[in-house]
Colleague: 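Take this structure, written in structure tokens, and hold onto it; I'll ask about it next.
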Amino acid sequence: MKNVSEIILEQVELYNENLDTPVDTSHGNETILFGAGGVLDSVDFVGLILDIEQAINDEFGKRIALSSERAMSQKNSPFRTVGTLAEFINAQLEAE
């Protein structure tokens with residue numbers, strides 16, 4: 001079974017195939033997904049998030065909602081890097 005970070009990075013790589021400016025995933029968990037230093041616009045980011053949600057469901061058999069009020073209300077965005085997003089997803093998976 002893949003871990004959450006691997007799933008996120010795999011989905012970013014797949015999404016990169018459709019981007020003019022791909023996300024540099026060479027930094028692993030420190031890869032910036034959104035915000036300062038990120039290359040995704042809001043439309044691309046939403047598409048990527050939907051792909052990640054589906055991949056998590058496929059791998060773990062659990063539905064998660066990344067665009068929840070809980071995610072949006074956090075002081076530090078869980079969407080900033082692969083690592084912060086993986087931590088947020090893992091917390092949701094453990095809460096199920």
Colleague: What donor-acceptor contacts under 3.5 angstrom involve side-chain atoms of residues 46-54, with partners at least two apart or in another chain?
Modeller:
from: Glu53; atom 1: OE2; to: Leu66; atom 2: N; distance (Å): 2.7
from: Gln54; atom 1: NE2; to: Asp58; atom 2: OD1; distance (Å): 2.8

Colleague: Could you name each residue pair satisfying salt bridge (charged side-chain N to carboxylate O under 4.0 Å, His left out) that touches residues 8-32, not counting sequence neighbours?
Modeller: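 Applying salt bridge (charged side-chain N to carboxylate O under 4.0 Å, His left out) to every pair that reaches into residues 8-32, excluding sequence neighbours, yields Lys2-Glu10.
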
Colleague: For the pair Glu6 (side chain) and Asn3 (backbone), establish whether a donor and an acceptor sit closer than 3.5 Å, ignoring hydrogens and angles.
Modeller: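 Pair found, side chain donor or acceptor close to backbone of Asn3.
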
Colleague: As a quick check of understanding, evaluate side-chain contact (heavy atoms from CB on, under 4.5 Å) for Leu40 and Leu19, giving each step before the final call.
Modeller: CA-CA 9 Å; Leu40 297 174; Leu19 298 175; 3.6 Å; yes

Colleague: Please find the pair of heavy atoms, one from Ile7 and one from Ala55, that lie closest to each other, and give the distance.
Modeller: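 Heavy-atom minimum between the residues: CG2-CB, 3.6 Å.
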
Colleague: Would you mind reporting whether Phe79 and Leu33 have side-chain heavy atoms less than 4.5 Å apart?
Modeller: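 Side-chain contact under 4.5 Å: no.
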
Colleague: Just jot down the side chain to side chain donor-acceptor pair (under 3.5 Å) partners of Asn29, sequence neighbours excluded, or say none.
Modeller: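 Here the qualifying residues are Ser5.
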
Colleague: Determine, using the 4.5 Å side-chain heavy-atom cutoff (strictly less than), whether Val39 and Ile32 are members of one ILVMFWY cluster.
Modeller: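 No: no chain of side-chain contacts under 4.5 Å links Val39 to Ile32.
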
Colleague: Among all residues two or more places apart in sequence or in another chain, which pass the ring pair (Phe, Tyr, Trp, His ring centres under 6.0 Å) test with Phe34?
Modeller: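 Per chain and number, Phe34 pairs via ring pair (Phe, Tyr, Trp, His ring centres under 6.0 Å) with Phe45.
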
Colleague: Apart from Val43 itself, what residues make up its hydrophobic cluster, given side-chain heavy atom links below 4.5 Å?
Modeller: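 Result for Val43 is none, singleton.
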
Colleague: Any side-chain to backbone donor/acceptor pair from Lys62 onto Asn57? Under 3.5 Å, distance only.
Modeller: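 Side chain of Lys62 to backbone of Asn57: no pair is present.
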
Colleague: Which heavy-atom pair separates Val23 from Asn16 by the least distance, and what is that distance?
Modeller: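 Looking at all heavy atoms of both residues, the shortest contact is N-OD1, 2.7 Å.
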
Colleague: Please tell me if the side chains of Gln11 and Leu14 come closer than 4.5 Å, counting only heavy atoms from C-beta onward.
Modeller: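 The answer is yes, as the side chains (C-beta and beyond) meet within the 4.5 Å cut-off.
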
Colleague: Could you go through the side-chain contact (heavy atoms from CB on, under 4.5 Å) check for Asn76 and Thr84 one step at a time?
Modeller: CA-CA 9 Å; Asn76 295 317; Thr84 58; over 6 Å; no

Colleague: Would you please name every residue forming a side chain to side chain donor-acceptor pair (under 3.5 Å) with Thr31, sequence neighbours left out?
Modeller: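 For Thr31 there are no side chain to side chain donor-acceptor pair (under 3.5 Å) partners, ignoring immediate neighbours.
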
Colleague: Not counting sequence neighbours, list each pair that qualifies as a ring pair (Phe, Tyr, Trp, His ring centres under 6.0 Å) and has a residue in residues 6-29.
Modeller: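 For residues 6-29, and leaving out neighbouring residues, there are no ring pair (Phe, Tyr, Trp, His ring centres under 6.0 Å) pairs at all.
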
